[in-house]
Amino acid sequence: MTPSADTARVVMSTGNHCVVETDQGDLRRCQLPSRRHARPVCGDRVQWDDTDGTPTVRRVLERDNVIERGDFRGHPRPLAANIHRMVLVMAPAPTPDTLLADRYHVLAAAIEVPLTVWINKADFGEGLATPAVQRLLCEHCPGDTRSLAGSATTGEGIDDLEALIQGETIILVGQSGVGKSSLTQRLIPSLDLRINTLSALSGQGRHTTTTTRLFSRNRQFAVIDSPGVRTLRLDHLDIADVNRGFPEIAAAARGCRFRDCHHGTEPGCAVRSGLKAGTIHAQRFDNWRQLMREAGGFQ
Ligand SMILES: Nc1nc2c(ncn2[C@@H]2O[C@H](COP(=O)(O)OP(=O)(O)OP(=O)(O)O)[C@@H](O)[C@H]2O)c(=O)[nH]1
Ligand SMILES: [Mg+2]
Ligand SMILES: [Zn+2]
């Protein structure tokens with residue numbers, strides 16, 4: 001380690017540089033380490049120095065975990081590292097994509113990170129009592145998934161979210177337009193200033209979320225705002241990972257008469273009983289089947 005080497009956290013990483021937040025809270029644009037080393041991603045802790053006049057990341061420190069999603073060929077690509085919680089943002093509008101939501105349940109379960117659903121835009125219509133918000137709350141927060149509802153616009157419910165994420169680094173994920181950046185803005189009071197500094201350092205505009213970025217609120221918590229996606233490839237995950245994302249189905253399946261039950265027309269199927277009884281939601285079951293097919297479970 002060189003005498004001036006220091007640790008910092010990556011708040012943004014592009015192909016050829018990254019921006020780090022130093023332990024003193026300053027943002028610095030850094031060159032990346034040589035190709036021999038791991039490429040830093042948002043949330044990484046790194047060693048950096050500017051001994052040769054250019055701030056440079058020398059080394060990515062060991063990761064607690066890393067969120068990976070498939071690229072266009074299905075190869076896993078790291079998105080963010082050192083996450084304590086995934087917050088799936090959904091809203092009455094745009095229309096919720098439940099398959100995408102369930103892909104996030106699988107992704108979070110695969111790296112053993114808790115997933116919390118935040119139902120945003122509760123200020124629509126009559127607020128939380130609207131059928132749309134109620135439906136989201138009961139249909140898309142399966143099992144013991146923690147769910148909260150509120151509004152990034154009015155600030156309703158934000159205290160509960162803040163209390164939940166104390167000491168954590170969370171990543172906000174979900175469809176485009178559900179309000180991830182608005183929520184980040186609510187959670188990080190000095191965000192405007194930070195975004196302006198980041199834009200200046202990276203040369204990017206400030207209105208559309210195109211890059212995953214981390215914002216920290218003093219020493220309380222950190223929020224990673226990610227760009228909305230239309231789909232999420234999980235080719236690198238297997239059947240066991242899919243099942244971990246559907247704990248209510250996996251639990252019911254233990255009661256099926258046949259161990260290899262596909263929960264189709266087999267007799268004594270506890271999953272189909274659960275569907276009839278309403279303890280398993282039909283949409284979740286359809287999504288489970290789809291993801292099992294993708295993972296090679298049903299040929
Ligand atoms: N009524 C209402 N509108 C909201 C709320 N949160 C966000 N919006 C609006 O929804 C639109 C999208 O918000 P963004 O925060 O940009 O959404 P995003 O999830 O970051 O979108 P991407 O960056 O494209 O992934 C904006 O017009 C916001 O003003 C909310 O709580 N209530
Ligand atoms: Mg955004
Ligand atoms: Zn069955």
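Because the structure is predicted, anything quoted here is derived from the model rather than measured. Ligands are counted one by one from 1 in listed order, and the atoms in each one are counted from 1 as well.
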Chemist: Please report the closest heavy-atom contact between Asn243 and Trp288, naming both atoms and the distance.
Modeler: OD1-NE1, 2.9 Å
Chemist: Less than 4.5 Å apart, side chain to side chain, heavy atoms only: is that true for Leu234 and Val106?
Modeler: yes
Chemist: Hey, are the side chains of Leu148 and Val117 touching, using non-hydrogen atoms and a 4.5 Å cut-off?
Modeler: no
Chemist: For Pro227, is at least one N or O under 3.5 Å away from an N or O on ligand 1?
Modeler: no
Chemist: Provide the protein N, O or S atoms situated under 2.8 Å from the Zn ion (ligand 3); waters are not included.
Modeler: Cys256 SG, Cys261 SG, His263 ND1, Cys269 SG
Chemist: Hey, is CD on Glu62 packed in by over 12 heavy atoms from elsewhere, all under 6.0 Å?
Modeler: no
Chemist: Is the closest N or O pair between Lys180 and ligand 1 shorter than 3.5 Å?
Modeler: yes
Chemist: Ser151 heavy atoms, cut-off 4.0 Å: which ligand 1 atoms fall inside?
Modeler: 30 (C), 31 (O), 32 (N)
Chemist: What is the minimum heavy-atom distance between Cys42 and Ile224, and which atoms define it?
Modeler: SG-CG2, 4.0 Å
Chemist: Honestly curious: do Val11 and Leu32 fall in one hydrophobic cluster under the side-chain, below-4.5 Å linking rule?
Modeler: no
Chemist: May I ask you to test the Pro227-Arg213 pair for a side-chain heavy-atom distance under 4.5 Å?
Modeler: no
Chemist: Of the non-hydrogen atoms in Val271 and Ile280, which two are nearest, and what is the gap between them?
Modeler: O-CD1, 3.8 Å
Chemist: Does Ser181 reach ligand 1 with a nitrogen or oxygen that is under 3.5 Å from one of the ligand's nitrogen or oxygen atoms?
Modeler: yes
Chemist: Side chain or backbone, does Gly150 bring an N or O within less than 3.5 Å of an N or O on ligand 1?
Modeler: no
Chemist: Considering only NZ, NE, NH1 and NH2 on the basic side and carboxylate oxygens on the acidic side, decide whether Glu168 and Arg85 come within less than 4.0 Å.
Modeler: yes
Chemist: Nearest to atom 13 (O) of ligand 1 by heavy atom, Ser182, Gly155, Ala122: which?
Modeler: Ser182
Chemist: With heavy atoms only and a cut-off of under 4.0 Å, state how Asp123 meets ligand 1: side chain, backbone, both or neither.
Modeler: side chain
Chemist: Take Gln166 and Glu162 through the side chain to side chain donor-acceptor pair (under 3.5 Å) test and state the conclusion after the steps.
Modeler: CA-CA 6 Å; Gln166 287 301 312; Glu162 277 186 11; 5.2 Å; no
Chemist: Geometry only, no angles: is Gly228 polar-contacting ligand 1 at N/O separations under 3.5 Å?
Modeler: yes
Chemist: Indicate if the distance from the Mg ion (ligand 2) to the nearest N, O or S atom of Ser181 falls below 2.8 Å.
Modeler: yes
